[in-house]
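On a predicted model such as this, the values are computed, not experimentally measured, just so you know. Letters A, B, ... are given to chains in the order of the sequence lines, protein chains preceding strands, and every chain is numbered from 1.
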Amino acid sequence: MQVSMTVNGEPVTRDIEARMLLVHFLRDELGLTGTHWGCDTSNCGTCVAWLDNEPVKTCTVLAAMAGGHEVRTVEGLEQDGRLDPVQEGFMQCHGLQCGFCTPGMMMTARALLDRDPDPSEETIREALSGQICRCTGYSNIVRSVQWAAAHGTTAEPEEPTIEPAGSAS
Amino acid sequence: MTIAEERKKVDHVDNDQKPLGHGRMLRKEDPRFVRGLGRYCDDVQLTGMLHLAILRSPVAHARIVSIDTSAAEAHPKVKAVVTGAALAELGLAWMPTLSNDVQAVLATDKVRFQGQEVAFVVAEDRYAARDALELIDVEYDVLPPVIDVRKALAADAPVIRDDLEGKIDNHCFDWEAGDEAATAAVFERADVVVTEDIVYPRVHPAPMETCGAVADFDRVEGRLTLYSTSQAPHAHRTLYAIVAGLPEHKIRVISPDIGGGFGNKVPIYPGYVCAIVGSIVTNKPVKWMEDRTENLISTGFARDYVMRGEIAATRDGKILAVRTNVLADHGAFNGTAAPVKYPAGFFGVFTGSYDLEAAHAKMTAVYTNKAPGGVAYACSFRITEAVYLVERLVDCLAYDLDMDPVELRMKNFIRPEQFPYTTKTGWVYDSGEYATAMNKALELAGYEELRREQAERRARGELMGIGVAFFTEAVGAGPRKDMDILGLGMADGCELRVHPTGKAVVRLSVQSQGQGHETTFAQIVAEEIGIPPEDIDVVHGDTDNTPFGLGTYGSRSTPVSGAAAALVARKVRDKARIIASGMLEVSVADLEWQKGAFQVKGDPGRSVTIQQIAMRAHGAGDLPDGIEGGLEAQICYNPSNLTYPFGAYICVVDVDPGTAQVKVRRFIAVDDCGTRINPMIIEGQIHGGLTDGVGMALMEMISFDEDGNCLSGSLMDYLIPTALEVPDWETGFTVTPSPHHPIGAKGVGESATVGSPPAIVNAVVDALKPFGIRHADMPLTPSRVWDAMQGHPLPPI
């Protein structure tokens, strides 16, 4: 079947099997591999992306159900070369280690801050409680979200001296 | 200073100031991860790539009567269907495990656990591959399974491993440590002996990313490229070379970004081999990614020790000896990842942090119809079990003596002047200041005030518990004189190359699964050579581009590879000194090192930076006699001993008297891992390990029904802590450098996983003291705590 939706502001149309999950649509059809897959049962939350501004677990949403809707993934957090404060907060507060749960955590955090710009620690923990992180023990994730809450809606550009580790010569 | 205070101080100094070496520094790997640009195994897409899915046994023990693959083969999108019989023709139906046992890649004769690999399908997409699994028809002749480890050696128990010649029972191995007779003599004359049956249930690392691989076999060059979720790419490559009969240089193992390992990604799984075979038979790249159920029911579990522990002491609380008898469940194949001479891993450190007169351990390991594995989940090779045992026994002794658990521990600690300390089971602890760490934890916790509060609450009928645990870890395997895995010595290589412009690349044999090696190792090198860490690129996880070494597990990266990185940098610095002496026209003895430059002694105006030296090393002009151009070095570091980090943990819990729900209110962790390279990363690792501890102590367990059906095959059934089940961690530290490590560092990755379960269980048992409870087994779920409150704590099934 043919499905059309808007992903990170760009219209996309693909012919897919009706049973294709949104997570596989994003990853395999669109090459947006920042949304991860971890459990199949909506427990781990590593696949969280937005469907019309609401965080959803894309492992249990059919791509067809997103037809005609707006999807936002972790790749859509950075705007005009500026990181979202949530992204900056995760770096500043060591809110990630292996990085696998991070995209889902950040998408939930952004949605939380959009509706509650100054959440309590308890509210943050509650908001993230549908997601699992095996590395960080959550304290630094909570601090990352608090950092983002304290830094408004647009982060300063990251320090230029920290570069992504690339290939070596 | 607590870490929170330390962080505040550093932040206040200058947020933009980055350390030229050790210190708090943001991670170099994070910019890609926060953008969703990490590249994990499942992100690898190769041209023409096919997808592989594995058919698994629905039963725990059965003879395979027949397999009919014809319908699957007829599926229009299927490219290959492979069974054990087909693999047997290639000589690949069985593979060696890391413990010199063998494991079926695909079952040929019998299936021996639920979830065992029976056949695989390669198809055009992942959905079609799964569809085709449904079309394979396997007829099983179901056999009675061995599920209860206590019945595995019964005379009438069905023999699981009849593939092994002459095998007539389910015995796997025996192991022993310490002096049985001397220990018995001490127990004879002791005032007090406490005996307790203690179970460490089977748990699972369950990293967020499951295991998988992309195999790409080039039949023209005879060259295999394997992207895989491997914590040990070099060790894996050599094993593939041995099994496949290919030279190592024809095999390239790439571990891309790894979504958590915790030991789960140390073994070689049948799926990796299937992916390789799939690529060979289809002549296309083949991807295999297991799903969560496959991960939980078939890959490396952890623990599963049934222990009887005994502790002997004088009436006034001097601990004299400990001994234990362990029944170890190794599943259907012995897939334990441990040095060859250590089939029980480093369980020998069950003597803990105490100065004893004698100790003895005896272990019998058996096969059962459960998934193989044996060492995984942040355990430092069975130290998790060892520390849990001794820390529970000490608390049981405190209970019987009616003594404060802190006072009892303080009375028996190995004292600072006794280091290096040889334990009664032969381990040489390198350094320790145990009482200092304990006092620090007491201070951070406000221990006396907590005890006062507890007394008040108890008087009101509330169930508050305070648990104390102290651990000593043994990490950084290990000295090649007695530590190897399948004949490969546990040393690690490191190569450092300084470019003409003074930037550098360091190549490691270890592989990060989230530990932040790209940052930490740049800092280790920066500290030694004075090049800023942001100018040092760390290369890892690619056997074509890194020196040989055994990988990352057992908290060994900093103790072994970190030492290699420091020493290779010093080697480069030594050469830089000679070049600098030529540039400054003085003798090397007249130069002094100021991090980043050599300066003529007493003449601050005359110096050359490491960057200037690097350019000279590669540039025009003569170099001192006998000095070659270039500025690089390579070494292989063979540790002289393990490192022995330690820590004091205090846990405060509240148990709901109405529901038996345990709430961890506070957790105070004071860790000593010697020299601290990046405190932020250390703190993060400790937080993660503490959370693992909450999972194991209160929630996690892989359980089976009597037919061998795994009851914990999804994250709905296997519970992992979320942000709601854990407190905000309170951490502190002391620094007792390792005397034999080049920078005094010890491993830390697993410390908290080792130390936290006994602290939490001790806290829960302390809360239940009004019920007369001395011990209750993990996981302390509400129903199990409720049973304990009714006076009958049961071992987990």
Go through the atoms of B:E290 and report whether side chain, backbone, both or neither lie under 4.5 Å from a heavy atom of chain A.
-> backbone
If you count heavy-atom pairs under 4.5 Å between each of A:E75, A:M105, A:H24, A:Q131 and chain B, which one has the most?
-> A:H24
Are A:V142 and A:Q146 side-chain neighbours, meaning at least one heavy-atom pair lies under 4.5 Å?
-> yes
Contact winner vs chain A - B:S714, B:P532, B:A206, heavy-atom pairs under 4.5 Å | B:A206
How about B:I720 and B:E700: do any of their side-chain heavy atoms sit closer than 4.5 Å?
-> yes
Name the option with the most non-hydrogen atom pairs under 4.5 Å to chain B; the candidates are A:G34, A:G99, A:C101, A:A127.
-> A:G99
Result for side chain to side chain contact (heavy atoms under 4.5 Å, CB included) between A:V71 and one of A:L32, A:L26, A:N8, A:V12 points to A:L26
Largest heavy-atom contact set with chain B, pairs under 4.5 Å, which of A:T41, A:D40, A:I141 = A:T41
Chain B heavy atoms under 4.5 Å from A:S129: which part of the residue, side chain, backbone, both or neither?
-> both
May I ask you to name which of B:F262, B:F33, B:Y127 has the most heavy-atom pairs under 4.5 Å with chain A?
-> B:Y127
Taking the six-membered ring for Trp, are B:Y649 and B:F667 parallel (under 30°), tilted (30 to 60°) or perpendicular (over 60°)?
-> perpendicular
Given the options B:A522, B:A723, B:S512, B:G259, which has more heavy-atom pairs under 4.5 Å with chain A than any of the others?
-> B:A723
Portion of B:D257 that has a non-hydrogen atom of chain A nearer than 4.5 angstrom = neither
Can you measure from CG (B:D535) to NZ (B:K503) and round to the nearest 0.5 angstrom?
-> 4.0 Å
For side chain to side chain contact (heavy atoms under 4.5 Å, CB included), just list the numbers for B:D671 and B:I682, CA-CA rounded to whole Å, side-chain angles, deciding distance to a tenth of an Å, and then say yes or no.
-> CA-CA 9 Å; B:D671 274 89; B:I682 291 170; 5.9 Å; no
Side chain from CB out, backbone as N, CA, C, O: work out which of these in A:E121 comes under 4.5 Å of a heavy atom of chain B, or both, or neither.
-> side chain
Only counting residues at least two apart or in another chain, list the ones meeting ring pair (Phe, Tyr, Trp, His ring centres under 6.0 Å) with A:Y138.
-> none
When B:I258, B:T293, B:D42, B:N295 are compared by non-hydrogen pairs under 4.5 Å with chain A, the top option = B:D42
Can we call the ring centroids of B:F521 and B:H540 under 6.0 Å apart?
-> no
Where does B:D125 contact chain A at under 4.5 Å (heavy atoms): side chain, backbone, both or neither?
-> side chain
Top residue by heavy-atom pair count (under 4.5 Å) with chain A, among B:P727, B:P207, B:G261?
-> B:P727
In terms of heavy-atom proximity below 4.5 Å to chain B, should A:M20 be classed as side chain, backbone, both, or neither?
-> both
For side chain to side chain donor-acceptor pair (under 3.5 Å), just list the numbers for B:T722 and B:E725, CA-CA rounded to whole Å, side-chain angles, deciding distance to a tenth of an Å, and then say yes or no.
-> CA-CA 6 Å; B:T722 73; B:E725 279 83 38; 2.8 Å; yes
With a 4.5 angstrom heavy-atom cut-off, which part of B:Q513 approaches chain A: side chain, backbone, both or neither?
-> backbone
Go through B:R126, B:Q685, B:R39 and name the one with the most non-hydrogen pairs under 4.5 angstrom from chain A.
-> B:R126
Given a strict heavy-atom distance threshold of 4.5 Å, which part of B:A128 is in contact with chain A: side chain, backbone, both, or neither?
-> backbone
Okay, B:L296 and chain A: the region with an atom under 4.5 Å from a heavy atom over there is neither
Test A:T35 against A:T73 for side chain to side chain donor-acceptor pair (under 3.5 Å), laying out the working first.
-> CA-CA 7 Å; A:T35 302; A:T73 69; 4.8 Å; no
Ring pair (Phe, Tyr, Trp, His ring centres under 6.0 Å): which pairs involve residues 88-107 of chain A, sequence neighbours left out?
-> A:H36-A:F100, A:F100-B:Y40
So CD1 of B:I686 and OG of A:S139: to nearest 0.5 Å the spacing works out to 12.0 Å
Largest heavy-atom contact set with chain B, pairs under 4.5 Å, which of A:E122, A:R134, A:Q97 = A:R134
Checking heavy atoms, do the side chain of B:P205, its backbone, both or neither come under 4.5 Å from chain A?
-> backbone
